[in-house]
**Student:** 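Just passing along the structure, written as structure tokens.
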Amino acid sequence: MNRLLLSGILLVVGAISTCHAQITDPKATEFWEPEPRVVTPSAAKAPSDAIVLFDGSNTSEWVAVKDGKAIGWKLEGGAMTVVKGTGAIRSKKEFGDYQLHIEWRTPAVVESEGQGRGNSGIFMQGRYELQVLDSYKNRTYSNGQAGSIYKQSMPLVNACMPPGEWQTYDVIYTAPRFNADGIRVSPGYITVMQNGVLVQNHTEIKGTTEYIGMPKNIAHGKGPLELQDHGNPVSYRNIWVREL
Ligand code: MG
């Protein structure tokens, strides 16, 4: 190797190691700004900065998807329950990225099987379904059971409680990004804990939920949380969102 080049390299290496060696104060690698704002957590209810969409007392944050009018679901016992045929409901508020907490319960009386047993669903931005189903000893296609991103991604495990018991989903949702031409430049992602058990780990959302055919990716902005009427009296309670 050229002697001049070699001495040059040694000089640079020496300068870098000298530079690193100069940091001796542990405080030099601390940062204090910005400071995380204070949020008061609660085991029993929503954290202090959450947007409460349903606390069991009224359904004022919700409308029917079909006409934007009052929902036809039943409000009873601190829960709202699907009334068959009244259709899906959506939150009035719209969201981009968020943390979601929601509790759901499939009917205690088992009347059907497969996709007909305690079927509902939670649609992120009104488009991407996190399946709600009574998957307790109830086999169906894996990417259609509870905890799946419907027809896209099966859950990592089956963490279902028996029918008639309340279950939780805690969701971290990152919305897809679209450029000015309407082209998706980054997919959506979803992480889901069911009853405290990880079932979706930063899963890429392939596009819209389609019963038949491939997912679609049509540009959109913020969207509502949507709950499905699939004909079964599934109940929901304690729904809150923290925008991210
Ligand atoms: Mg469903």
Side-chain angles (χ1 to χ4, degrees), residues 53-54 62-66 71-74 79-91 95 100-171 173 188 190-195 197 199-200 203-216 223-239 241:
L53 294 179
F54 181 67
W62 300 85
V63 290
V65 168
K66 62 184 176 193
I71 71 170
W73 293 22
K74 189 168 62 179
M80 52 183 180
T81 302
V82 174
V83 174
K84 185 179 180 174
T86 58
I89 65 171
R90 64 170 171 84
S91 63
F95 305 100
L100 162 71
H101 175 87
I102 187 164
E103 299 176 19
W104 53 275
R105 183 185 60 193
T106 59
V109 180
V110 173
E111 285 185 336
S112 188
E113 58 178 7
Q115 292 289 314
R117 192 170 136 182
N119 196 335
S120 182
I122 302 158
F123 286 73
M124 311 299 140
Q125 298 192 301
R127 294 168 173 84
Y128 313 111
E129 183 184 11
L130 168 59
Q131 174 71 310
V132 168
L133 192 74
D134 176 3
S135 289
Y136 186 83
K137 298 178 181 173
N138 176 35
R139 193 79 177 98
T140 183
Y141 41 97
S142 299
N143 61 353
Q145 71 180 67
S148 67
I149 306 308
Y150 186 75
K151 287 276 179 89
Q152 295 185 22
S153 179
M154 62 183 274
L156 292 168
V157 292
N158 182 340
C160 266
M161 305 279 276
E165 294 200 19
W166 282 102
Q167 311 200 41
T168 61
Y169 275 155
D170 285 283
V171 176
Y173 174 73
I190 189 164
T191 295
V192 182
M193 308 276 273
Q194 181 181 0
N195 304 317
V197 178
V199 291
Q200 297 289 341
T203 301
E204 179 180 326
I205 297 171
K206 297 183 177 77
T208 53
T209 299
E210 304 294 336
Y211 178 51
I212 300 168
M214 302 300 287
K216 297 180 178 69
L225 197 67
E226 192 175 306
L227 305 178
Q228 184 184 50
D229 166 14
H230 202 282
N232 303 137
V234 173
S235 301
Y236 290 93
R237 73 177 184 189
N238 199 14
I239 307 170
V241 166

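Just follow the structure's listing: the first ligand is 1, and inside any ligand the first atom is 1. Atoms considered below: every heavy atom in the structure, side chains included; atoms not considered: hydrogens, waters and symmetry mates. No experiment lies behind these values; they were computed from the predicted model shown.
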**Student:** Say whether Thr106 and Tyr136, considering side chains only, have a donor N or O and an acceptor N or O under 3.5 Å apart.
**Tutor:** no
**Student:** Can you name the nearest heavy-atom pair linking Ile122 to Leu227, along with the distance?
**Tutor:** CG1-CD2, 3.8 Å
**Student:** For residues 207-216, tabulate all N or O donor-acceptor pairs below 3.5 Å that involve a side-chain atom, not counting sequence neighbours.
**Tutor:**
| unit_1 | atom_1 | unit_2 | atom_2 | d |
| --- | --- | --- | --- | --- |
| Thr208 | OG1 | Glu210 | OE2 | 2.7 |
| Thr208 | OG1 | Lys216 | N | 2.9 |
| Thr208 | OG1 | Lys216 | O | 3.4 |
| Thr209 | OG1 | Arg127 | O | 3.4 |
| Thr209 | OG1 | Glu129 | N | 2.7 |

**Student:** How far apart are the closest heavy atoms of Ser135 and Ala146, and which atoms are they?
**Tutor:** OG-N, 2.9 Å
**Student:** Going by the ring-ring contact (aromatic ring centres under 6.0 Å, His included) test, which pairs reach into residues 103-131, not counting sequence neighbours?
**Tutor:** Trp104-Tyr169, Tyr128-His220
**Student:** Show me the pairs that pass side-chain hydrogen bond (donor to acceptor under 3.5 Å, both in side chains) and involve residues 107-116, at least two apart or across chains.
**Tutor:** Gln115-Asn119, Gln115-Gln131, Gln115-Thr140
**Student:** Could you count the protein N, O or S atoms found under 2.8 Å away from the Mg ion (ligand 1)?
**Tutor:** 5
